[in-house]
Structures are given as C-alpha cells and as structure tokens.
Asks: 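Let me begin by handing over the structure; questions about it come next.
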2 protein chains.
Amino acid sequence: MTILRTPLADGSARGIPDATVARLPVYLRALNALTEQGVSTCSSNDLAENAGVNPAKLRKDLSYLGSYGTRGVGYDVEYLRYQIAREIGQTQDWDVVIVGVGNLGSALSAYQGFSTRGIRVAALVDADPKRVGTTISGITVSSLDDLPAIVEERAISIGIIATPGTAAQEVADRLVAAGVTSILNFAPALVQVPDGVDVRKVDLSIELQILAYHEQRKAGNDKVVGA
Amino acid sequence: MTILRTPLADGSARGIPDATVARLPVYLRALNALTEQGVSTCSSNDLAENAGVNPAKLRKDLSYLGSYGTRGVGYDVEYLRYQIAREIGQTQDWDVVIVGVGNLGSALSAYQGFSTRGIRVAALVDADPKRVGTTISGITVSSLDDLPAIVEERAISIGIIATPGTAAQEVADRLVAAGVTSILNFAPALVQVPDGVDVRKVDLSIELQILAYHEQRKAGNDKVVGA
DNA sequence: CCTTGTGAAGCTGTTCACAGCC
DNA sequence: GGCTGTGAACAGCTTCACAAGG
C-alpha cells in the first residue's frame, strides 16, 4: 500500500514527489503524440494542454527533473522525451509476469498498450492445472509452482495479480518469495507485503462506485455545476 | 478529468472529500468481510486494519457521514454497512454500458466483482460490424449507433470506454450525446467532456510505469529502506 | 476504562505570480 | 516580448492527541 519515497541517503538530491511520478508517463505520451504530429518544439502550454494538466503544474513537475527547457522558447520535444524516459526507466524494457489467466489476465496479456511503453509480458502463470500448458497471446501458461524459476531466469521484478480476491494474498506471498519487488494488484483484496516491496492497486469496481456516488448526488440536486 | 465536488448550494451541508469517497467502497468491502466472519461489532482499529488504513483516518472519514459509532464500544457492522451503502448509492443497482468489446471490454463484461457491488453491465456496444450481433457474457453486442436508444431505454448514466486510444474521444462524445453523465475511461487517451460530466481514468500502462520507476530507483541505490 | 469524534498541527500537492533568462 | 523555473501562498489530506461520552 505504501509506496516508499526512497530517501536517497547519499548526496544526489533527487526526491521526485509521487504525484509527479504518476504524471510523467502522461507527459511522455503527450510528447509522443506531438512527435507524431511533426512538432519539434513546444511550450509548457502546448504540452500541458495535450496532457490535460495546468501549465504551472507541468513546469513544476519538470523542474524536479532538471532544467530542460529554454526560456522564451519552450522545450525540445525529442530531448525532453528522452529525459523523462530516462528518469522513469523507459530506456529499458521491463519484463512482467501475470498471475491468473482468467478473463482479466488474458486481456492484460494481449493488451497492446504495454509494449509501446516498455512493458513486456514475459510469462503467464496460473494455479489451475487445466490452464497450465495452454497458450494465450502466444505465451504458454506455466504453473504457479514454477514462479521462482521463471522470475529468476527472466530477471522479473514486477508481478501482476489477476486472480480472484481470495487468492490474492497467497499469490502476493509467492511473488515476493520468488523475488518480485513490485506488484500491481487487480484483485479486489488487500495484500500485505514486507517492507521494500511496492504494491499498487487497481480496483475496477471502486472506480465505478465512485462514479455512482457522483451520479447519485447529481440526481439528488437539481443544478449540478453552478455557472 | 476533474471530478467536481458538488457544492450543495442548499443548506444540507454535505461535502464529503474526494479522498474519503474513494475509500468508502473499501470500508464497505471490509465490513462485508467482517459480516462473513460473523463479527457484529467492531472498533475503528479492527475495521481500519481490514481496510488497510490508519484508524484515525477511518474515523475522520466516517465522521463526514455522521456519528454512527458508540464511544467506548465501536461500530455496529451491519448498521454502518447500511449507512455507507446508502451514502454511496449502493442501495440500488447501477446499469452501465461498455463500449468496445475487444479483450478488455470482454473481460470487463464478465467481471464477477461488479455484480456484488451494485454494478450491472446492461449493454455492450462496438463500432465494428463484425462484432455487432455476437454474444459476450450472455449479452448481445449492439451497434454504436444504437447507443442513444440503449441509454434512454435502460436509463443508463454510466459508460465505460474500452476501445483503443484513437477512438476514445469520439466514443466519449457519443456517450455524452446519448445522455451518459459519468465515464470510466480505460483507453490510453485524454478525453474532453462538457461540464457536468465526470470522467475517471484507469491507465494500465501507467500503473506499471510507476512501478518500473520505483524498481529503477531500488536498483540504483544499494539500501532501499533505511532501518 | 474504553473507543469515538474532532480541533489542531503537519504534510503534500497545487496554483499563483513574478524574477530570470533567452 | 515570451516562456521557463521557482519562491510563496493556498488548498486539501493525513495524523496526532485529547476531550466527550458511553
């Protein structure tokens, strides 16, 4: 649950706020879009608009990385893209393992958006013997028991939990035991992990429940947004 | 992108912070778990532990809804569950429409976690004529052109975008035109909507990119967590 | 005694507004 | 003149610590 901001005990003062880290991939995408449009230089206004954020926030975010812009001119799209990519580790590909190849796990294994963002689904794993050995998105499903071997062999540090909630904790334990140090949890359950392991949670139901809350409020009040 | 906090121009002072709203479904799930364990009363400590939050935060969150606990005793699980459910509109079911029945849309349509949380996938829609008419998870896929009719007939106010990024804005426009006022966007693209429409975004790649950033930092520093 | 409910303090993140530089 | 980079003000969220009350 707690994403630790590594304090960097040594001198190299580099504590990028979590909120900023979460937006850097968005900026990267916006820069890629600009490149495709043939734009080679952009202002913080241009980029902010493409990314859907306030220009001041964008500039502040970028200031945590360094001074990569030119006053009076703006940012060089390609140069900035490279700097952000380097900062968030996108100059290399990251191999991930997906645990659970039900509907969601299968969909994730086929997700096109990963490959263009430096994420490579390197292995699929399932506890169900009936699924082990089948091929999904061109990858043969392995047994959960083979997790340690797979993680070590492919140097995987990121695991995705796409199992039912009841299996989530056990899967998390096994991932950690196998050497995984970052987990993306899609299961609707809380997972406990030791210090040094990051967990992020994506809860599909909760997102909809939040929208439902706002819908209910809209229905309750006549006017929604005061002009 | 901006989730508006409805200001409630009238007297009924009820401005629940966004951060709290996002946690209420988590508390609901924790309460359900406690009920299944046969627990009928719990302290803020018990519940907070089950929900993975700090007890003080839990109490403050609940205080926005009212005073539903008993000092010296704790909370009645069933009573609190009902109060939260009522607050976030979980006493009724919400019909949603999913646009795009590729891998992700199909997986979502089959997702078990929705039904138990008051979300009902009422309709599936796709722009591809080859998919229209097929049946997925027991629902016949309709044409994108039928969206207005479907939304009106089933009184749908929440739509899910599960298309490629390139189609997202057009789909959002059509959803809004059809009368949808809340959108959950899984496409890796920014969508613009008029005031009064809520959009939440779930970006699968970005979650992994954030984890990759932290992984990179761990690899860079020897010690991760200073004891 | 116990646990809730809550002012107050502290922290993180956002926005403003302008100095600095091209 | 224009745009970046940033201190400072602001807003929102979290945590503390304790009064209130069963």
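Below, chain A is the first sequence line, B the second, and so on; all start at residue 1.
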Asks: How long is the line joining NZ of B:K60 and C1' of D:dC18, in whole Å?
Replies: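 One finds 13 Å between C1' of D:dC18 and NZ of B:K60, rounded.
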
Asks: Take the protein atom CG of A:N45 and the nucleotide atom P of D:dT4, then report the distance between them rounded to whole Å.
Replies: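 From A:N45 CG to D:dT4 P: 7 Å.
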
Asks: On the nucleotide D:dC16, are OP1 or OP2 found under 4.0 Å from the side-chain N or O atoms that B:N54 carries?
Replies: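 Yes, B:N54 has a side-chain N/O under 4.0 Å of OP1/OP2 on D:dC16.
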
Asks: Is it the case that more than 12 heavy atoms not belonging to B:Q112 sit under 6.0 Å from its CD atom?
Replies: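 Open: at most 12 neighbouring heavy atoms sit under 6.0 Å from CD of B:Q112.
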
Asks: Please name the residue in the list A:R23, A:R117, A:R29 that meets the salt bridge (Lys or Arg N to Asp or Glu O under 4.0 Å) test with B:D203.
Replies: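 By the salt bridge (Lys or Arg N to Asp or Glu O under 4.0 Å) criterion, B:D203 pairs with just one of A:R23, A:R117, A:R29: A:R29.
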
Asks: Between C:dT3, D:dC13, D:dG5, spot the one nearest the side chain of B:S43, thanks.
Replies: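 Closest nucleotide among those given: C:dT3.
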
Asks: Calculate the interatomic distance between A:I16 atom CD1 and C:dT12 atom P; express it in whole Å.
Replies: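 Atom-to-atom, A:I16 to C:dT12, this comes out as 16 Å.
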
Asks: Taking the nucleotide of DNA chain C with the nearest heavy atom to each, does A:R71 or A:R23 sit closer to the 5' end?
Replies: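 Final value for this comparison: A:R23.
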
Asks: Under 4.0 Å from OP1 or OP2 of D:dT4: is there any side-chain N or O of A:S44 that close?
Replies: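 Yes.
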
Asks: Report yes if the distance between the aromatic ring centroids of A:Y111 and A:F114 is under 6.0 Å, otherwise no.
Replies: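 Aromatic pair counts; centres sit under 6.0 Å.
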
Asks: Rounded to whole angstroms, how far apart are CG on A:L62 and C1' on D:dT6?
Replies: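 Rounded to whole Å, this separation is 13 Å.
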
Asks: Starting at atom CZ of A:R59, determine the distance to atom P of C:dC21, rounded to an integer number of angstrom.
Replies: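 The distance from CZ of A:R59 to P of C:dC21 comes to 16 Å, rounded to the nearest Å.
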
Asks: So does A:Y68 get a side-chain nitrogen or oxygen closer than 4.0 Å to the phosphate oxygens (OP1/OP2) of D:dC3?
Replies: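 Answer is no, no contact under 4.0 Å.
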
Asks: If you count every heavy atom of other residues, nucleotides or ligands that lies below 6.0 Å from A:Q92 atom CD, does the total exceed 12?
Replies: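 Check passes, neighbour count above 12.
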
Asks: Look at B:K57 and D:dT14 and indicate whether a side-chain polar atom (N or O) is within less than 4.0 Å of OP1 or OP2.
Replies: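 Yes, B:K57 has a side-chain N/O under 4.0 Å of OP1/OP2 on D:dT14.
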
Asks: Starting at CG of A:L47 and ending at P of D:dC3, how long is that distance when rounded to a whole Å?
Replies: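 Whole-Å distance recorded here is 14 Å.
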
Asks: Kindly say whether the aromatic ring centers of A:Y75 and A:Y68 come within a distance under 6.0 Å.
Replies: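 No, ring centres 6.0 Å or more apart.
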
Asks: Distance check needed: D:dC13 P versus B:D18 CG, whole Å only.
Replies: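 Distance check: B:D18 CG to D:dC13 P gives 6 Å.
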
Asks: In whole angstrom, what separates B:Y64's OH from C:dG7's P?
Replies: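 Roughly 10 Å, once rounded to whole Å.
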
